Amino acid sequence: MSGLVLAQFLGLSAALLGIGLFGILTRRNFILLLIAIEVAINAAVLNFVYFAGFASGPGGVSGQAAAVVVVGLAATEVAVGLAIVLALNRQRGSINVAEASTLRQ
Amino acid sequence: MDAVSWTWFLPEAFLLGAALVVFLLDAVGVRKIEAVGAVSVGAVLLALLAVISDLGFDPLGFLSTLPASVIDSGGGSTSLYAFSSLGLVFQGIFLLSALLVALASLSRPSDEAGASVFYGLLLMATLGMMLVAIAADLIFLLIAIEVTGIATYLMVGYTRKDARGLEAAMKFYIIGALSTALSFFGASLLFGAYGSTNFLVLSQGLGGVTESTLALVGYAFLIVGLAFKVTLVPFHAWAVDVYDGAPTDVSAFLAGGTKKMGVFAFFLVFIGPLSILTARAVSCSGSVCVAPYDFRPSVQLTLGVLAILTMTVGNLLALLQKEMKRMLAYSSVSQAGYMMIGIAIGTAPALAGATLQVFAHVFMKAGAFLVVAGVSALGVGPLIAQYRGLGQKRPYLGVAFALLLLSLAGIPLTLGFVSKFVLFSAAVQASTVPGQSFFFWLAVAGLLNSAVSVFYYARVLKVMYMEPPDPAVPLDGPAGDPTAGLGFGRTAAIILAVVAIVGLGIYPQPVLSAIQSAATHFVATGA
Amino acid sequence: MSLEELAFLVLAAIAVGTALAALLVRELVHTILWISVFFVALSGIYFLLQADFLGILQLGVYAGAVTILLLFGVMVTRKRIFSREAATGIGPFPLALALVSIVILSGVAAGLPTQPRTVHAYSPAALSEQLFTTDGGWLVLLGLTMLSALAGAIYLVREGRE
Amino acid sequence: MGAFDTLFQWAFLVPLFPLVGFVIVGFFGDRMKKAEYGGWVAVVLSGLAMFVGILIAIGEALSPGTYTDASYTWLNLPGTQSVFSNGFSLVMGTLVDPISALMLVVVNVVGFLVMLYSIAYMHHDQGLPRYYAELSLFLVAMNGLVLSDNLLEFFLFWELVGVCSYFLIGFYYEKPSAASAAKEAFLVTRVGDVLFLLGIFLYFATYATSGGGAGWAASGFKFTNGNTPFLGSLVGSASSPTLTIAGLMMLAGAAGKSAQFPLDVWLPDAMEGPTTVSALIHAATMVAAGVYLLVVVSLFLGFTADDRLAIVAVGGFTTIWAASMALVNTDIKRVVAYSTISQLGYMVLAVGAGFAMVGLYHLFTHAFFKALLFLAAGSVIHAVGTQDLLKMGGLRKSMRVTWIAFFVGAMSLSGIPPFAGFWSKDDVLASVYSQVGAHPLYWPFLLCAFATVFLTAYYIFRAWFLAFDGDGSRDASLPHAHEAPWAMRLPLIVLSGLALVAGLFAFVPSFANLLPGAGVPPTYGTTDLMLSATSVGLGFGGLGLAYLMWGNGRVFTLPADSPLQPFRTVLLRRYYVKDAYDWFGLKAVYGLSRAADFVDQYVIDGTVRGIERAFSQLSDAGRRLQTGVVSDYAAYVVSGLVGLLVFLLWIAPWLVRSVGGG
């Protein structure tokens with residue numbers, strides 16, 4: 001086991017977060033937005049996992065525990081998001097978030 | 001942990017139990033608002049009683065009698081929660097906001113669809129806020145925020161046939177989920193820097209990679225995630241649309257309740273006994289001693305800039321609003337800026353000022369939104385101009401609304417004045433310390449902004465009292481009945497808010513002393 | 001370059017590529033396919049980090065449940081499943097924002113130690129010990145979020161009688 | 001002290017009586033059978049307040065001294081940390097001392113008379129309960145301000161006074177001009193108020209720990225600490241930039257309330273309110289509050305030399321600035337309003353020169369003769385239904401009382417002996433003159449003040465001649481004027497008496513106790529004869545000029561089809577010389593006033609409007625950002641994130657390093 005480089009992981013999670021943000025900013029389909037948010041959250045999960053793996057003390061395991069919890073939370077959020085998607089679709093017949101912009105100014 | 005007994009969790013237990021009862025009632029088909037509402041109001045009242053008894057029921061300066069062992073009990077390096085006197089004060093504040101909304105919602109149509117879900121979610125959201133108040137761990141804090149978050153996304157959209165409500169829920173959800181992702185990313189970086197997410201560990205700067213830049217970036221992400229809840233500029237844009245589109249009682253809860261949760265989260269992360277802004281000792285492992293990077297000035301400067309930005313932008317935009325709810329929403333944004341002044345300064349008096357501002361804002365903003373909900377139930381439209389003659393037609397409602405707005409504007413003899421007075425004077429006082437002259441400008445900015453804010457509140461007063469009523473709107477109830485069209489619950493909630501605003505505005509000392517003592521404990525312990 | 005490092009780089013490239021592809025393709029079903037590959041790649045990275053439990057969790061929750069959930073969402077919200085999304089332009093501003101945040105974070109990453117390090121493995125038993133005792137509060141809170149999500153989401157999608 | 005302590009303890013009754021009036025009229029006024037009943041309630045209660053106020057003043061006159069009532073600590077912020085070691089309190093209490101007793105007399109006598117006058121004057125108006133409630137609340141605020149025992153309490157009442165003024169100016173809110181005047185008054189005075197509060201902050205920051213005992217701030221910004229000025233000795237010697245700035249902030253606050261240059265724009269427009277309101281608030285009391293503030297600060301805190309020069313400059317310049325604008329105005333109320341600004345300038349001038357008591361003396365006499373002028377003007381307006389002087393004329397026959405009352409007021413304003421205004425104005429001039437030796441920079445402002453004496457006499461008598469002289473009203477459509485009912489005549493008569501003798505009060509020994517004239521170089525009345533002669537000469541000169549130009553109904557333009565036209569033309573030809581004089585001789589004066597008007601209209605209004613426009617453009621930009629599209633909101637969040645990262649990682653540390661400290 002010759003080991004891995006910490007910095008590369010942060011680089012990967014930075015890239016994933018950036019891609020997620022990019023998706024949130026540019027996509028208009030609610031489902032794509034959900035996916036983009038998942039990508040961003042996965043960057044955080046990845047952070048927890050590798051920081052746990054590289055931690056020196058015994059407390060590192062709580063990083064993995066945090067990752068587990070965040071995964072669960074993200075899944076819950078997707079479920080809520082889908083509920084809103086369905087209600088929105090039933091209401092407007094569209095899940096394009098840019099079209100739902102009556103509240104403004 | 002030893003000092004914490006299970007009785008400390010009684011308030012949370014009441015709320016959770018009531019939520020389960022409400023959901024079960026819904027499942028068996030009992031959905032009348034009277035039934036679920038009564039259960040919810042009862043649970044909130046019980047929880048409030050429990051919190052008050054935790055504080056040690058002694059209305060005159062009660063917090064000073066709180067045993068020291070209770071304050072900070074459980075704040076070990078692995079514990080997830082800790083009780084502080086200020087946290088208990090905030091629990092009380094959260095419960096008060098829930099009480100106002102739960103009371104007012106009793107007056108909604110008796111067979112309204114979704115009443116039980118609304119009340120259940122309200123209880124769950126309150127439960128999340130209660131848990132935020134006792135967090136001693138970053139992940140615990142963020143999930144507790146999420147408990148409230150998920151419940152409130154659904155509360156905004158619970159009128160599922162209402163296009164505006166759903167659009168608001170969609171916006172709230174997307175920006176909320178984005179903020180969640182960013183906060184957890186920040187938390188993960190902090191975990192990377194310190195090897196733990198416990199506040200005590202974070203505050204001591206021990207463990208892990210100990211890379212200060214990593215931690216600083218983590219804190220930046222965390223600020224963004226929390227700023228979403230507190231509606232700081234430029235993370236505020238969602239709030240206006242959501243407050244506007246959500247059912248007005250829910251807006252009252254969001255502006256009056258959940259926003260305060262964000263404020264307390266800022267307290268915990270940035271000011272509290274276990275926060276980065278407490279003076280940190282040089283940490284030694286073996287013979288190597290490291291002085292941790294001092295975040296304090298940079299973070300304070302950043303939060304101060306955010307405070308000024310929030311106050312100013314919120315006020316300027318509130319000036320031009322034509323709709324009542326949007327005006328209140330922007331004023332709510334600017335009020336968050338005042339609270340941030342206290343957070344940026346971080347001394348005990350400033351903290352007391354911010355807490356008082358939070359306390360006052362629960363009554364004034366939730367009260368104002370509840371009045372708006374009541375007025376629109378009477379058939380008045382959303383525009384400010386449509387409130388003309390309200391003061392003459394419905395004198396009691398008009399006076400109540402006027403008092404709430406005057407309090408928001410910070411006019412003396414109201415609680416809003418007291419809180420701003422304490423906050424700004426704390427800022428001036430803090431600025432006398434050499435090298436902290438920046439704080440003086442925070443006070444000046446707050447002052448100028450409250451001067452500006454008077455205009456848009458006064459405009460509403462002018463419309464209400466100085467313009468003839470619109471004959472098309474039947475504001476008159478049956479003669480001699482001031483509550484006509486409002487219902488018992490909403491009337492009670494509005495009276496509660498107004499009495500609190502005026503009563504405590506005239507005689508604030510008990511609450512002030514209590515909050516000051518709690519804030520002093522909060523800042524001093526762990527130093 | 002060690003074998004692990006090589007494996008990491010390959011998996012990272014797959015993750016980045018599939019994430020981008022998922023967000024850029026114009027057919028939603030393809031998006032779902034790409035994102036499931038992305039989840040699998042991430043789970044591979046977790047295995048590489050010797051976080052076996054998380055790797056399995058990632059496969060189960062994300063590559064399994066969440067993907068199905070999303071697919072379900074796609075199926076319900078459109079009449080023809082295989083229809084292309086209207087192309088949406090990509091403004092320079094969002095692109096710049098995303099790039100700047102990546103650059104800043106990469107700058108931070110560059111400051112981290114660059115020598116290869118050994119990865120600690122934690123047994124699933126240790127993890128569950130942690131999850132159910134010390135960090136038990138997290139799970140309790142997670143349960144609370146699920147409770148309100150369940151009640152609220154069901155109500156939201158249930159056909160109303162009103 | 002001693003026997004009168006019991007009396008002074010009841011000082012809180014003075015604001016309490018009008019408060020009761022406010023509550024009764026405000027909440028039950030609408031339900032009374034007749035709107036006047038509410039008015040009578042307010043009159044009776046303000047009469048009671050006047051009674052107590054005069055009793056207190058007599059008590060102070062017989063036994064001068066400072067009496068502080070046991071005060072109520074409203075807010076107490078205890079010391080907790082090193083930065084807050086002394087804490088401080090917000091205290092509400094009453095402080096009776098000679099100057100507050102004097103102010104009580106001014107406020108309540110004028111207040112009572114104006115209330116009484118209103119019964120008849122406002123008879124026809126709608127919304128009377130609101131009017132009396134607001135007027136009562138104003139009296140509460142003004143009395144509270146006068147009796148305040150600390151700076152913060154003073155500020156609170158100061159704000160309340162401003163709010164009442166806002167509502168009263170906008171009383172005829174259906175009139176757009178009234179609504180906009182109210183807004184303007186509120187805006188402009190608010191600028192002063194904010195600066196005032198900043199000044200308090202600065203004093204707070206400076207004296208949090210010093211100033212005796214636990215620190216000035218700790219004891220609640222008290223004005224006095226027993227009998228001696230609390231900070232007087234401490235500040236008197238000190239001279240620091242901070243103190244100068246704080247003093248300038250106080251000046252700004254005073255300038256806003258007292259309509260001093262450049263914050264004077266609102267007062268003439270405030271004449272949109274009822275004339276009674278102009279008499280009480282915008283002549284006698286509220287506008288005097290700014291001067292009172294300067295007096296209080298100069299007595300208890302002290303101004304630095306730079307501050308005093310600034311105050312002299314503002315006051316001196318304002319005298320001539322406002323007077324010049326009054327020269328050309330044909331609106332009877334506006335002429336009087338300009339004269340108010342100008343006279344307030346004299347008071348400020350005196351305070352700046354270091355003679356607070358002299359300023360207060362002028363405030364005292366001015367309150368009576370200016371209220372008199374306004375009420376007389378109100379009586380005229382009530383009778384003829386217009387404010388345009390060119391339309392009036394010949395009113396002296398039908399309105400004897402008003403005619404004489406206006407004359408008494410005008411004589412007093414012009415500083416002609418033995419009317420009240422003479423004594424105090426002379427004192428102002430003499431006291432400033434006594435300082436020019438030591439402060440040569442005071443010279444130009446003293447000259448302004450002297451020149452203004454001439455202008456004042458000219459414009460006020462021009463108004464008097466235009467309104468009362470001549471054979472009949474110049475506008476035939478005006479109703480035939482009748483003398484006002486008794487409720488209006490009585491206040492005019494009482495105030496005429498006061499305008500005649502108030503200046504002489506200073507010679508009554510025990511009354512002089514209320515104006516402890518310590519340090520005033522010329523004793524009251526025995527002014528340096530040259531100065532007196534000059535100013536009286538100037539006054540008579542103005543009067544004479546006014547008579548030559550406007551007396552006997554001259555400058556009287558008739559409609560061309562009038563059968564009296566040939567007769568008029570002859571009269572007009574007789575005055576052709578005067579017209580020429582107007583054209584040539586007064587061109588400079590007209591030019592000056594036009595220039596003043598220009599600055600007033602374009603520079604200051606333009607600035608105000610420019611600021612408003614900038615604000616609304618900013619807000620527009622902000623509203624355009626609120627697109628309603630959630631992706632844009634997400635973009636703000638991410639931009640905020642990037643900005644925060646940049647700020648926190650690079651800018652903030654750099655700022656902290658370069659500036660030092662957070």
Side-chain angles (χ1 to χ4, degrees), chain B residues 170-171 174-175 178-179 182 213 216-217 219-221 223-224 227-228 234-235 237-238 240-241 296-302 304-305 313 316-317 319-320 347-349 412 418 421-422 425-426 428-438 440 443-444 447-448 451 462 466 508-509 512 516 520, chain D residues 73-78 80-84 87-88 90 156 159-160 163 166 170 173 179 186-187 190 193-194 197-198 201 204-205 208-209 217 615-616 618-620 622-623 625-626 628 630-634 636-641 643-645 647-649 652-653 655-656 659-662:
Chain B
M170 180 271 286
K171 288 178 181 172
I174 290 176
I175 304 295
L178 170 62
S179 306
L182 295 178
T213 314
L216 201 54
V217 173
Y219 281 121
F221 273 86
I223 289 176
V224 174
F228 153 75
F235 314 103
W238 66 274
V240 186
D241 287 7
R296 185 200 289 257
S298 300
V299 171
Q300 281 182 321
L301 192 61
T302 309
V305 169
V313 172
L316 289 181
L317 292 177
L319 271 177
L320 273 208
T347 61
V418 176
F421 181 80
V422 174
S425 50
V428 175
Q429 185 74 56
S431 73
T432 56
V433 173
Q436 297 196 334
S437 50
F438 169 62
F440 188 77
V444 170
L447 197 67
L448 291 176
K462 181 172 161 284
M466 289 191 162
Q509 201 59 47
L512 182 60
Q516 275 168 339
T520 309
Chain D
T73 303
W74 186 11
L75 287 175
N76 173 39
L77 311 181
T80 47
Q81 279 190 344
S82 58
V83 290
F84 212 71
F88 77 105
L90 178 49
L156 295 186
E159 287 286 297
L160 186 57
V163 169
Y166 165 74
Y173 55 78
F186 194 63
L187 263 168
R190 194 98 192 134
D193 294 353
V194 169
L197 193 53
L198 282 181
F201 275 16
F204 174 40
T209 51
F615 265 69
S616 73
L618 254 176
S619 288
D620 264 350
R623 289 206 305 187
L625 284 175
Q626 196 78 11
V630 70
S631 313
D632 294 337
Y633 301 170
Y636 307 153
V637 171
V638 178
S639 324
L641 171 72
L644 203 65
L645 280 172
F647 192 87
L648 204 53
L649 286 179
L655 277 176
V656 169
V659 183

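Just so we're clear, the structure is a prediction, and the values are computed from it rather than from any experiment. Each chain gets a letter, A, B and so on, in the order its sequence line appears, and its residues count up from 1.
Of all non-hydrogen atoms in B:A237 and D:Y636, the two that sit nearest each other are CB-CD1, 3.7 Å. In this structure, B:F440 and D:F201 approach most closely via the heavy-atom pair CE1-CB, 3.9 Å. Nearest heavy atoms, D:A652 versus B:T302: CB-OG1, 4.1 Å.
Residues satisfying the ring pair (Phe, Tyr, Trp, His ring centres under 6.0 Å) criterion with D:Y166, sequence neighbours excluded, are D:F186.
Summarising the geometry, atom CG belonging to B:L178 is positioned 14.5 Å from atom OH belonging to D:Y633; distances are rounded to the nearest 0.5 Å. D:L655 CG to B:F438 CZ: the interatomic distance, rounded to the nearest 0.5 Å, is 9.0 Å.
For a residue to count as touching a neighbouring chain, one of its non-hydrogen atoms must lie under 4.5 Å from one of that chain's; by this rule B:F221 touches chain D with backbone and side chain alike. There is no contact between B:V313 and chain D, counting heavy-atom distances below 4.5 Å.
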Test log, rule side-chain contact (heavy atoms from CB on, under 4.5 Å), inputs D:F647 and B:L301: CA-CA 9 Å; D:F647 192 87; B:L301 192 61; 4.3 Å; yes
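Looking only at heavy-atom pairs under 4.5 Å with chain D, the residue among B:A220, B:A227, B:G304 that has the most is B:A220. When each of D:L160, D:D193, D:L649, D:V638 is checked for heavy-atom pairs under 4.5 Å with chain B, D:L649 comes out on top. For the set D:L641, D:L644, D:V194, the entry with the most heavy-atom pairs within less than 4.5 Å of chain B is D:L641. The most heavy-atom pairs under 4.5 Å with chain D, out of B:S179, B:A443, B:P234, come from B:P234.
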